[in-house]
Amino acid sequence: MQLFSINQQRSQALEAHAASFAQFKVPGNDYPSVLISFATKTLNAGQITSKLHIIDLGAQPRKPSFTKKQADLFFPPDFADDFPVAMQISQKYNLIYVITKLGLLFVYDMETATAVYRNRISPDPIFLTAEASSLGGLYAVNRRGQVLLATVNEQTIVPFVSGQLNNLELAVNLAKRGNLPGAEQLVVQRFQELFAQTKYKESAELAAESPQGILRTPDTVAKFQSVPVQAGQTPPLLQYFGILLTRGNLNAFESLELSRLVVNQNKKNLLENWLAEDKLEYSEELGDLVKTVDNDLALKIYIKARAIPKVVAAFAERR
């Protein structure tokens, strides 16, 4: 295969049968890394070796970059003559799908190059594939003219990785990435461990990214509230809300608790900014809280929250 860089106007030969590009966000780097993954099958000193490689194509200076990974592709004895013909990468799950001529499907985790699954999906040779991006899988066409769709079973993949593969870390990461069920106990257990070790930033990040929002509850807020605040340090509760705001929007309970904090600190301008950015969920309770400091802002919240009796009362107060 030939890899060509438009920026550098030069090319590089790759000993590979199939390849694909992907974007990956390395922790600590605001810009996604561009990765290339490729599958090889080579003959060295009479030994056939099959490998999967994952490489960062453009490491950015003074920024954390993706560490090069490689893994073995294990072909069963009956498939000794088989070789990869296509590769698709699911950005939805960060999984690499390697498809072979004789219809085998290999599934690898992109971040760690861990083998997740292998099975034969077609008895006929496969000659063409395409990404099924919305489903996080791939389409394939075989010689018989069948169009195949292969993707992750969202209900079972996390229990499969934690149970069959006994890889708890990968199970939790997959659940966070794809917002998948099956890791609830693992995530709660990990959160409690981090909290007990006073790693509040890490526990806040885990709660913010918890699959299906299982940790985004009043209990979690109460846990952060209960931590004694050291002089000169950011309260863990504010740290938690800060992480949630960078990830997206707050739910009704989180919006109310964060607003309570800033109203008590006379920082109404922060509240106005978050409301303007649609970061908070509107509720009648939020309007009641804000009414203690700003009638106009409270009226806006009542209208958005469809708290009709409060809207009528607010207009009546203004005659």
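All figures in this text were calculated on a predicted structure; none of them were measured in a lab.
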Query - ring-ring contact (aromatic ring centres under 6.0 Å, His included) between F106 and F75, worked out - result: CA-CA 10 Å; F106 293 87; F75 283 90; 5.3 Å; yes

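Between the side chains of Q2 and S11, at least one donor N or O sits under 3.5 Å from an acceptor N or O. A donor-acceptor pair shorter than 3.5 Å can be found between the side chains of Y93 and E154. Side chains of S20 and S37: no donor on one and acceptor on the other come within 3.5 Å. No side-chain donor-acceptor contact under 3.5 Å links E281 and S255. With 3.5 Å as the limit, one finds a donor-acceptor pair spanning the side chains of N142 and S122.
K68 is not listed as a side-chain neighbour of D56, based on a closest heavy-atom distance of 4.5 Å or more. In this structure, V172 and R190 have side chains that are not in contact, with every pair of non-hydrogen atoms separated by 4.5 Å or more. Between R120 and F79 the shortest side-chain heavy-atom distance falls below 4.5 Å.
We find that D294 and K268 are joined by a salt bridge, their nearest charged nitrogen and carboxylate oxygen being less than 4.0 Å apart. A salt bridge links D296 with R318: at least one charged nitrogen is closer than 4.0 Å to a carboxylate oxygen. Checked for salt-bridge contact, D82 and K101 miss the test: no charged N lies under 4.0 Å from a carboxylate O. Salt bridge annotation for R177-E111: present, with a cationic side-chain nitrogen under 4.0 angstrom from a carboxylate oxygen. We find that K291 and E317 are joined by a salt bridge, their nearest charged nitrogen and carboxylate oxygen being less than 4.0 Å apart.
In plain terms, the two heavy atoms of L165 and A115 that are nearest each other are CD1-O, 3.9 Å.
Remark: K223 qualifies as a cation-pi partner of F195 under the 6.0 Å distance and 45° angle criteria applied to the six-membered ring.
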Which side-chain N or O atoms in residues 304-312 pair as donor and acceptor under 3.5 Å with protein atoms at least two apart or in another chain?
unit_1, atom_1, unit_2, atom_2, d
K310, NZ, E284, OE2, 2.9
K310, NZ, D288, OD1, 3.0
K310, NZ, D288, OD2, 3.3

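A continuous path of hydrophobic side-chain contacts links L215 to L258 [ILVMFWY only; heavy atoms under 4.5 Å]. Clustering ILVMFWY residues whenever any of their side-chain heavy atoms sit less than 4.5 angstrom apart, transitively, puts L299 in a cluster other than the one holding V293.
Checked against side-chain hydrogen bond (donor to acceptor under 3.5 Å, both in side chains), K279 has no partners two or more places apart in sequence or in another chain.
Through direct or relayed side-chain contacts under 4.5 Å between Ile, Leu, Val, Met, Phe, Trp and Tyr, F4 connects to I6.
Using the six-membered ring where Trp is involved, Y240 and F224 have ring planes that are parallel, under 30° apart on the 30 and 60° scheme.
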